[in-house]
Structure formats: C-alpha cells, structure tokens
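Working notes, structure below.
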Amino acid sequence: MKNDTPQDLLNVTVATAQAPADTLVPITVAHGDGIGPEIMAATLKVLTAAGARIAPETIEIGEKLYHAGHSSGIAPESWDSLRRTKVLLKAPITTPSGGGYKSLNVTIRKTLGLYANVRPCVSYAPFVATKHPKLDLVIVRENEEDLYAGIEHRQTDEVFQCLKLITRPGCEKIVRYAFEYARANGRKKVTCMSKDNIMKMTDGLFHQVFDEIRVEYPEIATDHMIIDIGAARLATRPELFDVIVTPNLYGDIISDIAAEMTGGVGLAGSANIGEHVAMFEAIHGSAPDIAGQGIANPSGLLLGAVMMLVHIGQPEVAAKIHNAWLSTLEDGVFTADLQGGGAGAARTGVPLPFGSMDFADAIIERLGRLPEKFKPVRYQQAPALPQGTTAKPLYVRAPAARKAVVGVDVFVHQSALSADDLAVQLQASNTAALQLQMITNRGVKVWPGGFPETFCTDHWRCRFVASSDNGEVSQRDIVALLGALTDAGVDVIKTENLCTFDGVKGFALGQGQ
Ligand code: NAD
C-alpha cells in the first residue's frame with residue numbers, strides 16, 4: 001500500500017510555522033502529574049542534547065490546580081502563555097474523580113479550537129513484540145464535536161440524554177485536514193469510518209462531506225466503512241489501513257486500540273492541531289501506579305515532541321531524535337513496560353530494564369546515528385504555512401438555506417398512560433395550526449398503530465405537524481400549542497422544531513413511521 005516505511009511518516013507537515021535557523025522558538029511546557037514530570041524531564045533532556053532551538057515557558061496544570069479550585073485544571077494566566085507561544089508540549093495529567101471537575105484535555109482542545117487529533121500508530125517489530133508487525137497507520141480524529149459537547153440532561157425519572165453535535169464546518173475541517181495530511185506525508189489511502197447506517201443525519205453528514213472532498217484528491221485512494229466492521233478489521237487486519245478519518249468518539253476508541261496493538265500505550269505520541277495553536281503529548285495517562293519510580297517509558301511524549309519539532313520548522317532535529325530513538329530500540333534498550341517482549345531484548349547484553357532517564361541517556365548517546373534495520377526517518381521541510389492551515393481553505397461557509405418550520409416534536413414526561421391514551425390526551429390540545437401526527441418512545445413509533453410488545457419508558461416524543469396548506473407554522477403557533485398542552489397538564493420536557501432547509505427535510509422519521 002505504501003512505499004515509505006512507517007518511520008518516514010510520523011510527521012505532521014501539514015501544519016507548520018518556521019523560524020530562522022538561529023532563533024529560539026518559545027514553547028509552553030506543562031509537566032503534568034504522576035509520571036508526567038519524569039517523562040517530561042527525560043524528553044527535554046533529549047531535545048536539549050539534540051540541539052532543539054526551543055525556549056520553554058513552564059505552566060502548571062492538572063491535579064494541583066483542580067484542588068486549588070480551578071474546575072478545568074488550568075489557571076487563567078496559563079492561557080496567556082499558550083496564546084503567546086501557540087505551541088504546548090504537555091505531559092499527562094490526573095483528572096480527579098468525582099463531580100465538579102472538567103476534563104482539562106477537552107477544555108484545551110475546545111477552547112483553542114484544536115480540531116484535529118493526529119495519532120500515528122506504528123509497530124516496531126521485531127524489536128517491540130506485537131501480533132501486528134505490519135501495523136502502520138495514522139488516525140485523524142475529529143477533536144471538538146460529537147458526544148463530547150458535554151451537553152447532557154436528565155429529562156425524566158428514567159431517561160438521560162447526551163447531545164451529539166456534528167457540524168458541517170467541523171466535518172469539512174477534519175476531512176480536509178486528513179487528505180492534506182495524507183498528501184503531505186506520502187500516504188496513499190484515506191478511510192472514513194462512521195455509523196451513518198443508523199445516524200443518518202449526523203454521521204450521514206460526516207460521510208457526505210467525505211464524499212464531497214475526496215474527489216479533490218484523485219491521487220489518494222478512499223473508502224468508507226461502518227465503524228463496527230471498520231474497528232473489527234482494524235483489530236485483525238490493520239495493514240488494510242493507511243489514514244483513517246473519523247468522528248470524535250469512534251476515533252477516541254479506535255486510536256487506543258491501534259496504539260495498544262503496536263505493543264503498548266507507552267509508545268505513541270499525538271498532535272492536536274488547530275488553526276492558531278497546537279498541542280503535542282503522549283497518548284497515555286499519568287500512570288499513577290508507577291509514578292515516582294523513574295521507570296516510565298518517555299517514548300510517547302518524545303515522539304509527540306518530535307511531531308512538535310516538525311510543526312515548528314525544525315525537521316532536521318526531529319529526524320535526528322527519531323533516528324536515535326529507533327537505534328536505541330534496535331540495540332535492545334527498553335524501559336520496563338516493553339521488557340521481555342522484543343527480539344532486541346533477547347540479543348542485547350545491556351542490563352534491562354532501563355529507567356526513564358537512563359533510556360533518555362541511551363537515546364542521547366545515539367544522536368547522529370541512523371537505525372540499521374528500520375528505514376531512517378527523513379522529515380521534509382514543511383511548507384511555510386500559518387499554523388494549522390492547509391493548502392486549501394479548511395472550510396467554506398455556504399450561504400444560509402431557506403428555512404421553514406413545518407412542525408414540532410414535543411417531548412413529554414409521563415408514566416401513567418398507554419401510548420393510545422396519551423394520544424387521546426394530546427389530540428385534545430391540537431390547535432388549528434398543529435396536529436398530532438405520531439408518538440415514539442425511544443425513537444420507535446408507538447402511535448398510531450404501535451405494537452403491544454414495544455417496551456415504553458416515561459419519555460415520549462410527540463410529533464405535531466402543520467395543518468396549513470403551505471405546510472408551515474410560526475413560532476407563535478408552537479407557543480400556542482405548548483400553552484394548550486400546559487393547560488391540559490402535560491409535562492413538556494423540551495421541544496425540537498421540525499424544519500426544512502431549501503425544501504429538504506431536516507429531521508429523521510420515527511422508526512416504523
Ligand atoms: P494510563 O495510561 O495512565 O495507564 C494505563 C496503564 O499503562 C498503567 O498500567 C500504566 O502504568 C501504563 N503506562 C501508561 N503510560 C506508561 C508509560 N509511559 N510507561 C510505562 N507504563 C505506562 O491510564 P489510566 O491508569 O486509565 O489513567 C490514569 C490517569 O491518567 C487518570 O487520571 C486519567 O484521567 C489520566 N489520563 C490523562 C491523559 C492525558 O493527560 N492526556 C490521558 C489518559 C488518561
């Protein structure tokens with residue numbers, strides 16, 4: 001499928017800012033919690049020894065900040081550093097359990113518009129044990145939308161809801177980024193994964209945008225897989241894949257699966273790319289079980305830092321570090337998490353395992369060396385684009401469509417009545433403008449003509465549609481209906497307007513409708 005080796009392709013040349021050769025580039029560094037400070041110290045030691053031209057500014061994030069009352073784990077002044085440097089190298093943090101704490105990662109990604117999570121997953125066989133020696137792929141995960149909006153409500157005694165938001169700009173940005181990434185990094189195929197057989201409007205939009213944009217990249221092969229079979233194939237035949245682009249939740253899940261398949265979560269780095277700021281990190285967490293022992297593998301954070309160096313226009317330093325790291329693996333030098341698995345460990349005379357800092361020193365000793373078994377890494381000088389932008393506009397905002405309201409879904413909380421009895425009660429509140437058309441329970445039509453076998457909760461979606469000749473209603477018509485329902489003692493939870501956009505329905509039918 002590809003000509004280059006995996007190690008050639010671990011770069012993020014799509015998004016880059018360059019500085020003159022002798023200028024130190026300010027970066028923001030967060031040392032994190034748990035093993036964070038240990039692996040960050042090891043990583044910065046390697047970067048310094050390799051001659052990375054960086055001027056780190058340290059910020060505090062994570063547990064300490066949460067406990068100091070910052071609900072997102074970051075102090076307000078730290079944002080100033082991020083806005084100034086536009087680059088964050090971040091060690092993992094611990095999110096305290098219990099309510100009231102917001103995920104720092106999600107906050108940073110969304111506040112700074114880091115729309116693309118780029119996670120290269122590569123096997124290093126035979127030096128790192130893996131059942132999938134040919135695994136070599138990049139997951140480009142949408143990073144801001146989907147079920148991660150955090151808009152959740154309890155609506156009735158029995159029903160809880162989480163809103164899944166998928167936007168056209170969000171889809172266009174991530175899909176275009178995936179193709180631009182593939183083009184810039186010599187990748188040959190982009191696979192879209194979604195669940196549009198079920199979520200026809202939200203995941204359907206993601207798939208539709210993929211189909212629209214892929215024709216602009218004729219040299220790149222494309223396909224689409226439903227996420228369930230896609231994930232199954234990924235777990236059994238990862239060589240089928242090159243670049244995968246997918247919405248947030250699916251990407252979250254499959255990127256951990258793919259990283260684990262390479263031989264361990266300690267090995268992978270990731271980039272979070274935005275139009276203004278980018279964040280680089282390891283994919284793993286703060287590993288509290290081994291914190292403070294100096295045994296954690298710094299490789300994930302180091303490879304994140306390698307992606308950062310390409311991003312800030314220092315590809316030669318990135319390649320130097322990456323090649324030294326590969327040479328270190330080839331020499332059978334491992335931290336405890338990889339010990340005993342790889343071929344290298346068996347043939348080396350080096351006492352194992354190495355601690356985090358000894359591992360960093362082993363990489364430093366090999367700076368300037370090229371690996372013998374792995375193909376040496378060559379990072380290209382990235383095009384001088386503003387950070388996070390691509391050769392084509394990330395998205396184009398289309399003119400607003402003509403929107404017409406043609407009805408309303410009224411969500412009702414009630415547990416006493418059957419669907420037929422509820423319908424009788426609701427029909428008594430029909431207005432001249434809006435008539436009850438259908439009732440569903442958890443999406444399944446239960447009136448008219450429901451099945452007695454259908455299990456019903458206390459949460460009913462009651463669809464009222466326009467009775468006028470032109471099929472349209474006004475907001476006042478909806479308010480009048482809600483007034484009538486309230487007068488009749490109906491417990492209305494919420495409403496969703498039924499709209500058409502340039503005459504195309506903007507709502508799904510009920511299952512069985
Ligand atoms: P984890 O990734 O921290 O650890 C999972 C397992 O992998 C543990 O056994 C750990 O020892 C091992 N491991 C992880 N990184 C390693 C490394 N570099 N070297 C050797 N072994 C390593 O996941 P978890 O235990 O589920 O989460 C711990 C904490 O990390 C939680 O508070 C969680 O919220 C947080 N977390 C943070 C991030 C982040 O900051 N990006 C990501 C994931 C989890």
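All values reported here derive from a predicted model rather than from experimental measurement. Position 1 is the first residue of the sequence; numbering continues from there. Remember, it's 1-based here, ligands and their atoms both numbered in the order they're listed. The figures that follow rest on heavy atoms only: side chains count, while hydrogens, waters and symmetry mates do not.
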Look at ligand 1 and say whether Ile93 reaches it with a heavy atom at a distance under 4.0 Å.
yes

Ligand-residue contact atoms, ligand 1 with Pro288, heavy atoms, under 4.0 Å:
28 (C)

Looking only at non-hydrogen atoms, the one of Ile108, Thr95, Asn105 nearest atom 31 (C) of ligand 1 is Thr95

Is it true that, when you exclude His67 itself, more than 12 heavy atoms of the residues, nucleotides or ligands shown sit nearer than 6.0 Å to its NE2?
yes

Could you tell me whether Lys90 and Glu281 make a salt bridge, using a distance below 4.0 angstrom between a side-chain N and a carboxylate O?
yes

What do you reckon, does Ala282 have a nitrogen or oxygen under 3.5 Å from a nitrogen or oxygen of ligand 1?
no

The atoms of ligand 1 lying under 4.0 Å from a heavy atom of Lys90, numbered in the order shown, are 39 (C), 40 (O), 41 (N)

My understanding is that we take every heavy atom of each candidate and find the minimum distance to atom 29 (C) of ligand 1. Doing that for Ser286, Gly266, Gly73, Gly32, which one comes out nearest?
Ser286

Decide, yes or no, whether a salt bridge links Asp136 with Arg187 under the criterion of side-chain N to carboxylate O below 4.0 Å.
yes

Return the option from Ala287, Ser270, Pro96 holding the heavy atom at the smallest distance from atom 3 (O) of ligand 1.
Ala287

Any donor-acceptor pair under 3.5 Å linking the side chain of Glu144 with the backbone of Gly170?
no

Of Lys188, Lys189, Arg214, which meets salt bridge (charged side-chain N to carboxylate O under 4.0 Å, His left out) against Asp223?
Lys189

Charged N-O contact under 4.0 Å between Asp256 and Arg119:
yes

Any salt bridge linking Asp33 with Lys64? Criterion: basic side-chain nitrogen under 4.0 Å from a carboxylate oxygen.
no

Is the closest protein non-hydrogen atom to atom 36 (N) of ligand 1 under 4.0 Å?
yes

Any idea which atoms of ligand 1 are less than 4.0 Å away from a heavy-atom of Glu281?
41 (N)

Interfacing atoms of ligand 1 (cut-off 4.0 Å, heavy-atom, Ile290)
11 (O), 20 (C), 21 (N)

